[in-house]
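Some notes on the structure that comes next.
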Amino acid sequence: MASGTALIYDDEMTSYKLLWDDPECDIEVPERLLSSYEQLKHYHLVERCIHVPVREGTEEEIMLVHSSEYLEVVKSTQTMNEEELQRVSENYDAVYFHPNTYRCAKLAVGATLQLVDSVMSGKVRNGMALVRPPGHHSQRNAANGFCVFNNVAIAAQYAKRRYGLQRILIVDWDVHHGQGIQYVFEEDPSVLYYSWHRYEHQQFWPLLRESDYDAVGQGKGKGFNLNVPWNKVGMGNSDYLAAFFHVLLPVAFEFVPELILVSSGYDSGIGDPEGQMNATPECFAHLTHFLMQLANGRLCAVLEGGYHLKSLSESVCMTVKTLLRDPLPQISGEMAPCLSAIESIQNVRGAHKPYWKCLMYEGNCSSDAERNNFFCAVLGFILPVAYSYQPDLVIIVIGPNRSLGVNGISLLTCLLQGLAESQILVVIQVRSEIKLVQSVAKALSGVSTPDFGAYAPASQENVLEIKRLRDQLQQEWKMLRCSGNTHIEN
Ligand code: Q9C
Ligand code: ZN
């Protein structure tokens with residue numbers, strides 16, 4: 001298995017900026033990249049990464065997502081004067097052009113594809129690309145929300161073509177809805193798109209009906225678009241983790257992606273003027289860590305938004321540090337998702353119940369409830385309780401009469417390493433289980449992430465027992481909450 005983390009950055013992508021007064025756009029500044037890279041240097045993370053050079057994305061690559069007409073429009077801005085630039089910009093929502101925008105947008109695409117190539121060729125295990133302009137709002141025929149070319153959507157199309165991938169997971173943790181990505185893959189079951197976003201019942205930009213939880217995808221793509229709309233500001237670490245435990249992770253483990261692309265915006269972090277959310281930089285370490293357990297660790301994080309320079313750069317560092325497999329920092333604050341978050345989570349789970357076996361058991365009955373019981377127990381119970389408790393030490397004891405297979409134990413070991421600053425002890429009480437010992441040792445050292453092809457299904461009885469336990473204990477262990485069915489105090 002490949003090791004090493006790629007870092008892709010080129011200061012040429014700081015060579016464009018807003019040239020006139022526009023309060024809508026003045027937060028998207030070159031310093032976003034400069035301060036992120038400075039902070040990475042400060043923590044000596046740059047020297048620990050494998051530097052991969054950027055390149056321009058080709059016209060053919062850009063046209064995997066965009067029309068040639070739109071490409072020509074963007075190209076034409078290279079030679080425009082300020083007045084002309086302003087006029088083109090006005091054709092789009094929350095966009096500005098500069099003579100260098102086209103060049104930087106091509107570099108942003110190329111940087112993203114370089115990252116995909118590095119990971120897919122096995123040169124590195126994972127990596128991050130620091131790019132400007134961002135991409136997730138841009139569409140076939142339109143720039144939108146500071147975005148010109150849809151870097152991550154192009155990367156997914158490219159990875160499908162070039163490497164024949166059949167399942168790609170896009171995780172968009174930017175605080176805005178990446179509607180551009182949703183539009184590209186709405187009918188495509190080979191790309192699972194997950195986004196959480198400030199929504200406030202459609203009162204927040206981009207003010208779209210289709211950002212709500214009931215936009216689940218269309219045609220063959222039904223079930224492969226997951227929107228978690230936040231209807232209040234102030235969402236924090238526990239709300240984000242709850243959305244991972246109860247929505248994204250169960251579905252992602254069932255989907256079994258071959259590659260993960262992260263639309264890695266940090267305007268969902270504390271202090272950001274756009275997001276108004278509360279998640280601390282440490283939270284992004286944990287989100288990254290969970291995703292690293294999927295797709296054999298093949299993860300490409302690509303910068304999107306993030307406008308509070310300090311919060312942005314600290315969160316970028318947390319992401320890269322985690323990709324490098326450093327121990328994770330403790331997560332701060334009381335671990336209890338708020339009512340509004342629980343309501344959103346319950347709504348997405350309900351909307352996706354028909355498409356995902358891991359969500360089906362929530363209904364009264366289902367003969368399919370038997371699958372994915374391992375994930376039901378780990379994601380729906382063990383992790384939420386563990387994160388509610390915030391231990392200083394984790395001890396895993398493996399006895400002789402276990403029902404869990406080697407893969408399951410290894411995955412559990414990997415997932416629990418996010419706790420207690422990765423101080424974890426595994427006690428194996430059985431002799432001569434060389435395979436188990438080897439697999440757990442690999443999990444602990446991060447040499448490989450366990451491969452979870454097939455699991456021995458447990459009984460429906462077990463699933464219902466977990467649900468019962470969750471209902472019974474969620475008063476005390478608040479991270480267990482994922483529905484408003486049971487009464488909730490506080
Ligand atoms: N007053 C990204 O984060 N803001 N784009 C509209 C309404 C547009 C955000 C402001 C925000 C675009 C990549
Ligand atoms: Zn954003």
Side-chain angles (χ1 to χ4, degrees), residues 5-9 36 40 49 52 108-109 111-120 124-132 134-137 147 150-159 165 167-178 180-182 184-185 191-197 225-228 240-241 243-244 247-249 251-253 255 257-269 275 279 281 283-306 312 315-325 328 418 449:
T5 295
L7 182 64
I8 307 193
Y9 168 80
S36 298
L40 285 168
C49 290
V52 175
V109 170
T112 306
L113 300 185
Q114 287 283 77
L115 180 55
V116 168
D117 281 335
S118 303
V119 167
M120 289 310 300
V124 297
R125 189 192 323 228
N126 57 34
M128 177 152 205
L130 295 178
V131 302
R132 275 178 82 236
H136 70 155
H137 296 303
C147 300
N150 203 317
N151 308 314
V152 166
I154 292 169
Q157 296 290 42
Y158 174 86
L165 297 190
R167 288 178 312 280
I168 298 171
L169 169 63
I170 298 178
V171 177
D172 188 338
W173 66 44
D174 187 283
V175 86
H176 301 95
H177 181 215
I181 301 181
Q182 174 169 314
V184 173
F185 299 110
V191 177
L192 173 57
Y193 177 62
Y194 171 93
S195 173
W196 61 37
H197 33 270
N225 192 81
L226 284 159
N227 284 335
V228 181
Y240 288 3
L241 286 175
F244 261 49
V247 180
L248 175 61
L249 293 176
V251 169
F253 276 106
F255 180 64
E258 299 160 306
L259 173 68
I260 302 183
L261 304 174
V262 182
S263 265
S264 200
Y266 297 95
D267 41 18
S268 47
C283 188
F284 294 98
H286 290 262
L287 303 182
T288 304
H289 176 251
F290 288 125
L291 297 180
M292 286 166 68
Q293 314 311 321
L294 289 144
N296 242 305
R298 291 199 286 226
L299 187 157
C300 301
V302 182
L303 186 67
E304 299 276 4
L312 164 67
S315 298
V316 166
C317 289
M318 281 295 172
T319 304
V320 171
K321 223 167 126 54
T322 306
L323 291 175
L324 285 162
R325 306 201 146 259
L328 278 82
T449 52

Working for side chain to side chain contact (heavy atoms under 4.5 Å, CB included), residues F185 and Q157: CA-CA 9 Å; F185 299 110; Q157 296 290 42; 3.7 Å; yes
If you take all heavy atoms of [X] and [Y], which pair is closest and at what distance?
| X | Y | answer |
| --- | --- | --- |
| A252 | L169 | CB-CD2, 3.9 Å |
| I181 | S263 | CD1-OG, 3.4 Å |
| A153 | V184 | CB-CG2, 4.3 Å |
| H286 | G418 | CE1-O, 2.9 Å |
| G127 | V119 | N-CG2, 4.4 Å |
| I8 | A111 | CD1-O, 3.4 Å |

Using the six-membered ring wherever Trp is involved, compare the ring planes of Y240 and W196 and label them parallel, tilted or perpendicular (cut-offs 30° and 60°).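 Ring orientation, 0 to 90° scale: parallel.
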Side chain to side chain contact (heavy atoms under 4.5 Å, CB included) between C300 and T112, intermediate numbers included: CA-CA 8 Å; C300 301; T112 306; over 6 Å; no
Within the distance-only criterion (no hydrogens, no angle test), does the side chain of [X] pair as donor or acceptor with the backbone N or O of [Y] below 3.5 angstrom?
| X | Y | value |
| --- | --- | --- |
| Q114 | V52 | no |
| D174 | H176 | yes |
| H137 | H177 | yes |
| R167 | F255 | yes |
| R298 | M120 | no |

When rounded to the nearest 0.5 angstrom, what distance separates [atom1] in [X] from [atom2] in [Y]?
| X | Y | atom1 | atom2 | value |
| --- | --- | --- | --- | --- |
| R325 | H289 | CZ | NE2 | 7.0 Å |
| T319 | L287 | OG1 | CG | 8.0 Å |
| I260 | M292 | CD1 | CE | 10.0 Å |
| L299 | L261 | CG | CG | 8.5 Å |

Can a side-chain donor-acceptor contact be found between T5 and N126 if the only test is distance below 3.5 angstrom?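 The answer is yes; a qualifying pair exists.
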I'd like to know whether L303 forms a side chain to side chain contact (heavy atoms under 4.5 Å, CB included) with Y266, so could you lay out the CA-CA distance, the side-chain angles of the two residues, the decisive distance to 0.1 Å, and finally the verdict. CA-CA 8 Å; L303 186 67; Y266 297 95; 3.8 Å; yes
List the steps and the verdict of side chain to side chain contact (heavy atoms under 4.5 Å, CB included) for T288 and W173. CA-CA 10 Å; T288 304; W173 66 44; 3.4 Å; yes
Quick one: list whatever passes ring pair (Phe, Tyr, Trp, His ring centres under 6.0 Å) with F290, sequence neighbours left out.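 Residues passing ring pair (Phe, Tyr, Trp, His ring centres under 6.0 Å) with F290: F245, Y387.
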Would you mind reporting whether L324 and C49 have side-chain heavy atoms less than 4.5 Å apart?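 With C-beta onward as the side chain, the pair touches.
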Could you point out which residue of L291, V302, D172 forms a side-chain contact (heavy atoms from CB on, under 4.5 Å) with V262?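 Passing option: L291.
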Can you name the one residue among C283, P281, S268 that meets side-chain contact (heavy atoms from CB on, under 4.5 Å) with S315?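 Result for side-chain contact (heavy atoms from CB on, under 4.5 Å) with S315: P281.
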Check side chain to side chain donor-acceptor pair (under 3.5 Å) between N225 and all other residues, then give those that pass, not counting sequence neighbours.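 Checked N225 against side chain to side chain donor-acceptor pair (under 3.5 Å); matches are Q182.
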